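On a predicted model such as this, the values are computed, not experimentally measured, just so you know. Start at 1 with the first residue, then count along the sequence.
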Amino acid sequence: MLKDTYNIEGMTCASCVQAVEKSVGKLNGVDDVSVNLATEKMDVSYDSTVLAGSDIEGAVEDAGYKALKNIASQTFEIEGMTCASCVQAIEKSVGKVDGIQEVSVNLATEKMDVSYDEDAVTTGNIIKAVQDAGYQATVESSSPTDATEDNDKKQKQMKNLWIRFIWSAIFTLPLLYIAMGPMLPFGGLPLPEFLDPMEHTITFAATQLALTLPVIYLGRSFYTVGFKSLFKGHPNMDSLIAIGTTAALLQGIVMTALLAMGRVQVDSGHPDLYFESAAVILTLITLGKYLEAVSKGKTSDAIKKLMGLAPKTARVVRNNEEVEISIDEVMTDDIVAVRPGDKIPVDGVLVEGSSAVDESMITGESIPIEKKTGDNVVGASINKNGSFRFKATKVGKDTTLSQIIKLVEDAQGSKAPIAKLADKVSGVFVPIVIGLAVLSGLAWFFLGQESWVFALTITISVLVIACPCALGLATPTAIMVGTGKGAENGVLIKSGDALEETQKVETIVFDKTGTITEGKPIATDIINYNGYEDEEVLALAAAAETGSEHPLGEAIVESAKNRDLDLQAVKDFQSIPGQGIQVTVDGKTILLGSKKLMMESHIAMLDAEEVSDRLANEGKTPMFIAADDRLIGIIAVADTIKENSTAAIDKLHDMGLQVAMITGDNTKTAQAIAKQVGIDRVFSEVLPEDKANEVQKLQNEGLHVAMVGDGINDAPALAQSDVGVAIGSGTDVAIESADIVLMRSDLMDVPTAVELSRATIKNIKQNLFWAFAYNTIGIPIAMGILHLFGGPLLNPMFAGAAMSLSSVSVLLNALRLKGFKPVKTKTTKSEPKEVKNAVA
């Protein structure tokens with residue numbers, strides 16, 4: 001029997017308890033079920049051979065509630081991985097632990113993300129499973145100090161690899177000359193006169209062994225890790241190297257011993273020892289590891305740059321005095337003082353002073369933003385000229401910068417679906433290679449009638465040239481560079497899934513208000529009737545809308561304020577749902593609202609209907625105003641189109657994408673806006689709760705859909721779409737629901753995100769192609785296929801060099817993404833599209 005605990009959502013009384021227990025108790029295989037209303041938990045004992053956890057969750061859902069396990073997520077740092085086979089070994093070992101929901105290991109970042117049931121598994125269980133696979137795991141710590149220590153640790157590892165390579169080369173170069181010299185035109189070492197040829201040969205062999213052993217010692221980690229993994233049943237790249245170089249070393253030692261015992265006669269003075277193959281392979285692979293480490297470091301430059309943005313100290317007001325403290329000591333509600341040129345340490349709200357702040361490092365917006373009392377400031381932005389004080393609202397992990405760093409780290413640690421192919425191949429790759437190496441060696445020895453030395457050469461070459469490193473690095477390195485480059489340009493891509501899905505998008509749906517438009521309507525036209533002047537109409541309308549929270553009403557009030565109009569007091573306010581308002585101003589009964597309100601109030605419309613249709617066709621919203629049962633005017637209000645909306649949509653069309661717009665506006669206004677910016681499809685008069693349904697309809701047409709929005713009512717549509725894109729200036733709910741976050745409110749970042757996705761996936765495909773092609777071509781050559789047709793035999797030394805270069809080439813190709821340029825507008829800054837006759 002297995003016992004599980006679930007959190008139950010939706011219970012309100014004892015009847016709920018009975019309903020859940022009854023529904024779950026009916027399941028075949030359930031031995032006991034107990035629900036606690038106070039803790040909102042359910043304990044179930046059941047036969048796991050008959051019943052699955054999903055069946056229990058389904059039974060709870062059938063009863064009208066929701067069952068959730070205590071699922072936690074944790075990131076671990078992994079030590080000892082060398083190739084994609086290591087990734088597979090760890091994922092397999094951890095995945096076997098009961099209670100593990102999901103495990104994903106990233107070779108490039110050397111981290112493991114695990115989702116697990118807290119009631120069934122501890123981090124200790126997970127760490128032990130990693131150790132059982134032959135590696136080391138530690139729980140990741142996110143403090144800045146630990147991040148610095150981690151970076152120092154990696155720098156130290158690179159330095160150690162370089163020192164190892166230098167010392168290996170010091171011993172390998174003379175060894176290579178001694179071994180290969182007799183085959184060169186200028187000869188090898190001179191033959192001492194006091195030694196006979198046989199003694200010279202033994203001295204020759206002993207010298208090579210003496211030079212080889214230090215190289216073996218320097219590369220001992222290949223053997224400890226390689227053989228350990230081999231004996232545990234999941235061989236990796238180190239296993240291939242260890243087996244191949246050990247075979248070469250043993251062959252040389254046996255030959256040297258036979259020479260010393262006089263059991264072997266060598267006429268040429270140049271026996272087949274292969275000491276140099278073992279040494280050169282280890283030296284070249286150490287160099288390859290060093291270059292790989294350097295390249296990996298460059299792929300994570302984006303994170304380093306982001307971490308470097310935060311200041312180390314803050315000037316905080318304590319006991320009416322400014323004191324400088326570590327940024328880690330800043331607390332919420334602290335008053336922080338900022339001087340000209342200072343970096344703002346944390347997020348907060350201005351309480352004193354004013355200034356211009358450069359937020360380009362966060363948003364990418366190059367123009368400094370004026371800040372005054374009550375405005376928000378963002379940590380890591382730079383104060384340009386004034387001095388001010390602000391109250392800290394977000395510190396530590398909660399600051400905008402910390403959240404950005406976390407998003408980028410999560411994205412860089414995630415896997416794209418395209419990586420699954422490489423994972424499947426690498427999982428069986430090493431055992432297959434070992435089998436091919438042994439079979440090809442035996443085939444040449446028995447069928448090809450070749451010497452055992454020749455057969456051993458074939459075996460060693462196959463083992464050394466076939467390495468799954470390039471396969472394991474092909475996807476994560478490109479994702480690291482791609483997501484990092486996006487972060488540099490204000491495009492935060494949350495995961496590898498989102499990165500891959502974005503390049504598949506065929507239709508992009510934009511929310512109108514606050515996305516295509518500024519979301520801040522202005523009064524644009526006043527048409528007067530029955531002898532009223534423009535200012536009279538505006539003053540009465542503004543008075544009626546005083547205190548209004550509706551954007552259209554606020555636009556009218558703002559316009560009146562800009563004209564310095566005196567507004568009369570309002571009496572008898574009455575809201576007419578869906579139509580407008582009725583108030584009394586200066587003794588007059590004022591009606592303000594829609595055409596429907598006027599018609600139902602029997603107001604004579606004159607030519608107002610024609611005028612309102614014209615205004616609506618221009619993308620404006622007409623509002624009618626009547627005083628004492630007579631129409632006195634129409635005030636048109638319009639939202640301004642964002643500066644780069646048209647350019648962004650043009651660029652998306654150039655990229656072959658269909659563009660749609662979704663809005664709650666009436667059809668005429670929506671069509672007018674769509675015409676101005678070049679929208680292909682319009683979904684108008686859509687209620688907020690129906691936006692997700694409209695997105696689903698497009699998906700039902702077989703289209704891959706991206707949704708771009710900024711509001712709370714956009715969140716369901718963002719979640720429904722294949723790729724949700726949130727404008728960074730939008731709500732936290734929208735940002736949480738999205739797959740991609742645009743830090744600026746610039747729609748040009750939408751085509752940038754698509755272009756970046758396309759470039760990254762193209763780079764991944766190139767990497768995978770070369771990784772597969774390298775092994776597809778290299779292994780048959782190492783097996784001696786060309787030699788069958790009179791071609792050369794691949795020397796194990798060259799096989800080692802080729803193996804190292806394959807990984808480095810994949811990393812260098814991924815680094816080409818650093819040259820990605822964000823999409824720019826073709827023209828300089830243009831004026832926002834506003835309708836004529838603006839009165840604001």
Dump the intermediate steps for side chain to side chain donor-acceptor pair (under 3.5 Å) on Q136 and E77, then the final yes or no.
CA-CA 8 Å; Q136 296 297 316; E77 295 176 354; over 6 Å; no

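- Counted by atom type alone, D347 and T399 present zero donor-acceptor pairs between their side chains at under 3.5 Å.
- With hydrogens and angles ignored, the 3.5 Å screen pairs no side-chain donor or acceptor of S23 with any backbone N or O of V20.
- The structure places OH of Y116 at 15.5 Å from CG of D98, a figure rounded to the nearest 0.5 Å.
- Within 6.0 Å of CG in N376 there are more than 12 heavy atoms belonging to other residues, nucleotides or ligands.
- Using a 4.0 Å cut-off between charged side-chain N and carboxylate O, K691 and D714 make a salt bridge.
- Looking at D113, its side chain never comes within 3.5 Å of a backbone N or O of T75 through a donor-acceptor pair.
- K111 NZ to N106 CG: the interatomic distance, rounded to the nearest 0.5 Å, is 9.5 Å.
- At least one donor-acceptor pair closer than 3.5 Å links the side chain of E506 to the backbone N or O of H704.
- A heavy-atom distance below 4.5 Å is found between the side chains of S229 and S239.
- In this structure, V130 and F76 have side chains that are not in contact, with every pair of non-hydrogen atoms separated by 4.5 Å or more.
- Contact annotation: the side chain of I493 approaches that of L756 to within less than 4.5 Å [non-hydrogen atoms, C-beta and beyond].
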Step by step, would you call I764 with E500 a side-chain contact (heavy atoms from CB on, under 4.5 Å)?
CA-CA 10 Å; I764 289 172; E500 184 169 343; over 6 Å; no

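- Just one residue in the list T332, D333, V336 forms a side chain to side chain contact (heavy atoms under 4.5 Å, CB included) with K391, and that residue is D333.
- Remark: L107 CG to Q88 CD distance equals 11.0 Å, nearest 0.5 Å.
- Closest of all the heavy-atom pairs between I479 and G496 is CD1-CA, 4.2 Å.
- When all heavy atoms of T393 and G348 are compared, the pair lying nearest together is OG1-CA, 3.4 Å.
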Under the side-chain contact (heavy atoms from CB on, under 4.5 Å) criterion, do D511 and M707 qualify, and how do the steps go?
CA-CA 8 Å; D511 172 56; M707 171 72 192; 4.0 Å; yes

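- In this structure, the separation between CD1 on I740 and CD1 on I727 is 11.0 Å, given to the nearest 0.5 Å.
- The nearest pair of heavy atoms linking L492 to M743 is CD1-SD, 3.6 Å.
- One distance of note links OG of S757 with CD of Q503; it measures 5.0 Å at 0.5 Å rounding.
- K494 contributes a side-chain N or O that, together with a main-chain N or O of A738, makes up a donor-acceptor pair within less than 3.5 Å.
- Side-chain atoms of D238 do not come within 3.5 Å of backbone N or O of V225 as any donor-acceptor pair.
- Residues V509 and S721 fail the side-chain proximity criterion, which asks for heavy atoms closer than 4.5 Å.
- A heavy-atom distance below 4.5 Å is found between the side chains of I508 and V750.
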Test side-chain contact (heavy atoms from CB on, under 4.5 Å) on M112 and E91; report intermediate values, then the result.
CA-CA 9 Å; M112 173 179 70; E91 288 183 344; over 6 Å; no

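- Under the side-chain contact (heavy atoms from CB on, under 4.5 Å) criterion, K697 pairs with E694, not counting sequence neighbours.
- Closest approach of A392 and V330 over heavy atoms only: CB-CG1, 4.3 Å.
- Between D132 and S93, the side chains place no donor N or O within less than 3.5 Å of an acceptor N or O (distance only, hydrogens not considered).
- Side chains of Q74 and E140: no donor on one and acceptor on the other come within 3.5 Å.
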Would you give me the side-chain donor-acceptor pairs under 3.5 Å for residues 47-61, sequence neighbours excluded?
from: D47; atom 1: OD1; to: T49; atom 2: N; distance (Å): 3.0
from: D47; atom 1: OD1; to: T49; atom 2: OG1; distance (Å): 2.6
from: D47; atom 1: OD2; to: T49; atom 2: OG1; distance (Å): 3.2
from: D55; atom 1: OD2; to: A52; atom 2: N; distance (Å): 3.0

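- You'll find the side chain of D722 stays beyond 4.5 Å of the side chain of V505, heavy atoms only.
- Side chains of T760 and N763: no donor on one and acceptor on the other come within 3.5 Å.
- For the pair V316 and I335, the minimum side-chain heavy-atom distance is 4.5 Å or more.
- Side-chain contact check for P235 versus S85: every heavy-atom pair is 4.5 Å or farther apart.
- In plain terms, the two heavy atoms of A717 and V695 that are nearest each other are CB-CG2, 4.1 Å.
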Evaluate the criterion side-chain contact (heavy atoms from CB on, under 4.5 Å) for residue pair K66 and I8; output intermediate values, then yes/no.
CA-CA 6 Å; K66 193 167 186 179; I8 307 298; over 6 Å; no

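- Around the CG atom of N28, the shell of radius 6.0 Å holds no more than 12 heavy atoms that belong to other residues, nucleotides or ligands.
- Around atom NZ of K128, no more than 12 heavy atoms belonging to other residues, nucleotides or ligands sit under 6.0 Å away.
- Shown here for V30 and Y46, the closest heavy-atom pair between the two residues is CA-CB, 4.0 Å.
- Put simply, OG on S45 and NZ on K3 are 5.5 Å apart, with the number rounded to the nearest 0.5 Å.
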